[in-house]
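Worksheet: one structure, shown below.
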There are 2 protein chains.
Amino acid sequence: MKNQTMAGSIGSEIRRRILDGRYPAGSQLRQDGLAAEFGASRIPVREALFQLEAEGLVRIHPHRGAMVAPLSPADAAEALELRAALEPRLLALSAPLLTEPDFHRAHGILEDYAAALRDGDTARWGTLNTELHLLLYGRANRPRALGLVGSLLAECDRYTRLQLSTDPAELERADREHREMVRLCRNGHVSAACALLVDHINHVATALMAFLGEPADATQTPAPSHVIV
Amino acid sequence: MKNQTMAGSIGSEIRRRILDGRYPAGSQLRQDGLAAEFGASRIPVREALFQLEAEGLVRIHPHRGAMVAPLSPADAAEALELRAALEPRLLALSAPLLTEPDFHRAHGILEDYAAALRDGDTARWGTLNTELHLLLYGRANRPRALGLVGSLLAECDRYTRLQLSTDPAELERADREHREMVRLCRNGHVSAACALLVDHINHVATALMAFLGEPADATQTPAPSHVIV
DNA sequence: GCCTGAATTATTTTATACAATTTCAAGCCT
DNA sequence: AGGCTTGAAATTGTATAAAATAATTCAGGC
C-alpha cells in the first residue's frame with residue numbers, strides 16, 4: 001500500500017493484530033516466530049517492534065524481548081485525559097475550515113458506522129471511530145498533535161473493544177454524539193461542538209472506568225478546574 | 001550508563017549531538033558514516049535512528065536515508081502550543097505532592113543554571129531547563145504525558161539554542177521565572193504557579209517567533225479562548 | 001542545444017551467521 | 001531444607017554480506 005518497505009508493512013500488520021486482540025495484552029512477541037510467520041528475517045521485525053514501542057503499543061525490555069503493552073486502568077485514564085486536553089483544541093481550529101467534501105466523507109463514515117453497528121462488527125468500529133475523529137481535526141494544520149491523537153485513539157480502542165462486547169448501548173450513544181458533533185460543525189457552532197466533544201470523551205472515560213471496576217478518581221485525579229489556559 | 005545495549009547508547013549520543021547542533025538541522029545522517037564513527041555495525045545505528053524518528057528529532061524517508069529534522073517556525077509554534085496545553089495540567093497535579101528532597105534538587109538545578117549563565121555555557125542550559133521542568137512534573141503520576149513533554153522540551157531546546165546566542169537577556173528572564181515558579185510551588189500557591197508557567201511558555205513562544213521573523217499568528221492561530229475544558 | 005533513457009554508483013534494506021545476555025533448572029554448599 | 005552458584009538452552013543483540021531501490025551520469029536521438 002503506502003509502505004514500500006517490509007518493516008513498515010510488518011509493523012502495520014502487527015499493529016492491526018494488537019488492536020484486533022489477536023495478540024493479547026501482555027503476550028510475548030518473539031522475533032523468531034514473527035519472522036517465520038511473515039516469511040521474513042528478524043531484522044525488519046525488530047524495526048517494526050521499535051516503531052510500535054514508540055506508539056506505546058509494545059514494550060521492549062533489553063535482552064528480554066518484546067511484549068504487547070499491558071492494559072491498565074491508569075493507562076486508559078491517562079490516555080483519555082490527554083485526549084480531553086488535546087482534541088477540543090484541534091476541533092476548535094479545524095471545524096471552521098472543514099469543507100463540503102470533508103462533511104461528505106464524514107457522513108460516509110457515519111453510514112459505515114451504522115452498518116457496522118447493525119452487523120455487530122466491533123472490529124470495524126474502532127477504525128471508523130479513529131477515522132472520524134481524525135477527519136474532523138484534519139484542517140487544524142497541527143501535524144504533530146494529529147499524529148499524537150491518532151496514537152491515543154488507537155490505544156483507547158484497545159480498551160473500548162473490551163467494554164463494547166458486553167455493553168453495546170455505548171455504541172449507540174457514541175453514534176448519536178458523533179452525528180450531533182458533525183451537525184454542529186457543519187452549522188458553524190464550533191464552541192458547542194467542542195463542549196460536546198469534551199462531554200463525549202469524559203463520558204467514555206467514566207463508563208470505561210466503571211466497566212474496569214475502578215472508581216474514576218482512584219487512579220487518576222481529574223484535571224483541576226483552575227487550569228483555564 | 002543505563003543503556004545496556006549498543007543501539008541505546010548510540011541513540012543517546014546522536015540525540016546529544018543533534019541537540020548540541022553538531023549535527024545541524026536538515027543534514028543527512030548516513031548509516032555507514034555513523035557506524036564507522038561509533039565503531040559499530042549499521043544495524044544498531046538503524047535502530048537508534050528509528051527511535052529518534054519517533055521522538056521527532058530525525059526524519060526517515062524510505063530508501064532515501066535519514067536527516068536531522070529541519071527546524072521550522074510552524075513546528076516550534078506547535079511544540080510550544082502543546083507544551084502550554086500539557087505542562088500546566090502536570091504542574092497542577094504534581095506541585096501539591098512535591099517533597100522536600102524534590103525542592104532541594106530543584107534548587108541545585110537552579111544553582112547550576114546560574115553558574116552556566118555566568119560561564120556563558122549555553123549547551124548546559126537546555127538540559128538544565130529540561131531537568132527542572134520534568135522534576136516539577138514528576139509527582140503528577142502521568143508517565144505518558146511526562147515522556148511526551150520530555151520530547152517537546154528537547155525539541156524546543158533546539159530552537160531556543162539558536163535564539164539565546166544572540167539574545168542572552170531571555171536567559172535571565174527564564175531564570176527569574178523558574179525561581180518564582182519553584183517558590184510558588186513550595187508555598188502551596190499552585191494555581192499561581194500554573195498561571196506563571198503559562199505566561200512563561202507563552203513568552204518563550206512570542207519571543208521565539210519574533211526572533212525567527214515570523215509574526216506569531218501567521219503560522220499558528222492561538223488557542224481559542226472558548227475552549228475551557 | 002536540450003531532453004530522454006539506460007547503465008552506473010551510492011545508499012538503504014534485508015538475509016544469514018555469529019556473539020552476548022538472560023532465564024531456568026539442577027546440583028552443591030551451608 | 002534453603003539459598004547460592006553453575007551450566008545449558010533459548011532468545012535477543014550485533015556483525016558481515018548480499019539484494020533492492022533511488023539518485024546520477026553519460027550517451028544518443030530529436
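Residue numbers begin at 1 in each chain, while the letters A, B, ... track the order of the sequences.
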Check: protein-nucleotides 5-8 of chain C nitrogen or oxygen pairs below 3.5 Å:
none

List every contact pair, protein side and nucleotides 20-25 of chain C side both N or O, where the distance is under 3.5 Å.
| residue | atom | partner | partner atom | Å |
| --- | --- | --- | --- | --- |
| C:dT23 | OP1 | A:R64 | NE | 3.2 |

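Taking a 4.0 Å limit (strictly below) on heavy-atom distances, residues 32-59 of chain A reaches DNA chain D at A:R42, A:I43, A:R46.
Scanning all heavy atoms of the two residues, the minimum distance from B:A95 to B:C185 falls at CB-SG, 4.0 Å.
Residue pairs satisfying the side-chain hydrogen bond (donor to acceptor under 3.5 Å, both in side chains) criterion with at least one member in residues 126-136 of chain B, sequence neighbours excluded, are listed as follows: B:E87-B:H133, B:N129-B:H133, B:N129-B:H178, B:T130-B:D157, B:H133-B:Y137, B:H133-B:H178. Screening residues 92-104 of chain A for salt bridge (Lys or Arg N to Asp or Glu O under 4.0 Å), with sequence neighbours left out, gives A:E100-A:R186, A:D102-A:R139. Listed by first then second residue, pairs satisfying salt bridge (Lys or Arg N to Asp or Glu O under 4.0 Å) with a partner in residues 18-35 of chain B number zero, not counting sequence neighbours.
Bracketed by its first and final contacts, the part of DNA chain D lying under 4.0 Å from non-hydrogen atoms of chain B reaches from D:dG13 to D:dA23 in 5' to 3' order.
To the nearest 0.5 Å, the span separating CD on B:E111 from CG on B:L117 amounts to 11.5 Å.
By the 4.5 Å heavy-atom criterion applied to side chains, B:R59 and B:P70 are counted as neighbours.
Partners of A:E55 under the salt bridge (Lys or Arg N to Asp or Glu O under 4.0 Å) rule, at least two apart in sequence or in another chain, are A:R15. The salt bridge (Lys or Arg N to Asp or Glu O under 4.0 Å) test applied to B:R17 returns B:E13, B:E37, not counting sequence neighbours. When the side chain to side chain donor-acceptor pair (under 3.5 Å) test is applied to A:R158, no partner is found at least two apart in sequence or on another chain. With sequence neighbours left out, the salt bridge (Lys or Arg N to Asp or Glu O under 4.0 Å) criterion links B:R124 to B:D112. Remark: A:E47 engages B:R46 in a salt bridge (Lys or Arg N to Asp or Glu O under 4.0 Å) (not counting sequence neighbours).
No contact: B:A66 has no heavy atom under 4.0 Å from any strand.
Open room surrounds CZ on B:R105; 12 or fewer heavy atoms of other groups in view lie less than 6.0 Å from it.
The existence of a salt bridge linking A:R142 and B:E81 is confirmed by a sub-4.0 Å separation between a basic side-chain nitrogen and an acidic carboxylate oxygen.
Per the geometry, CD belonging to A:Q31 stands 15 Å off C1' belonging to C:dT14, to the nearest Å.
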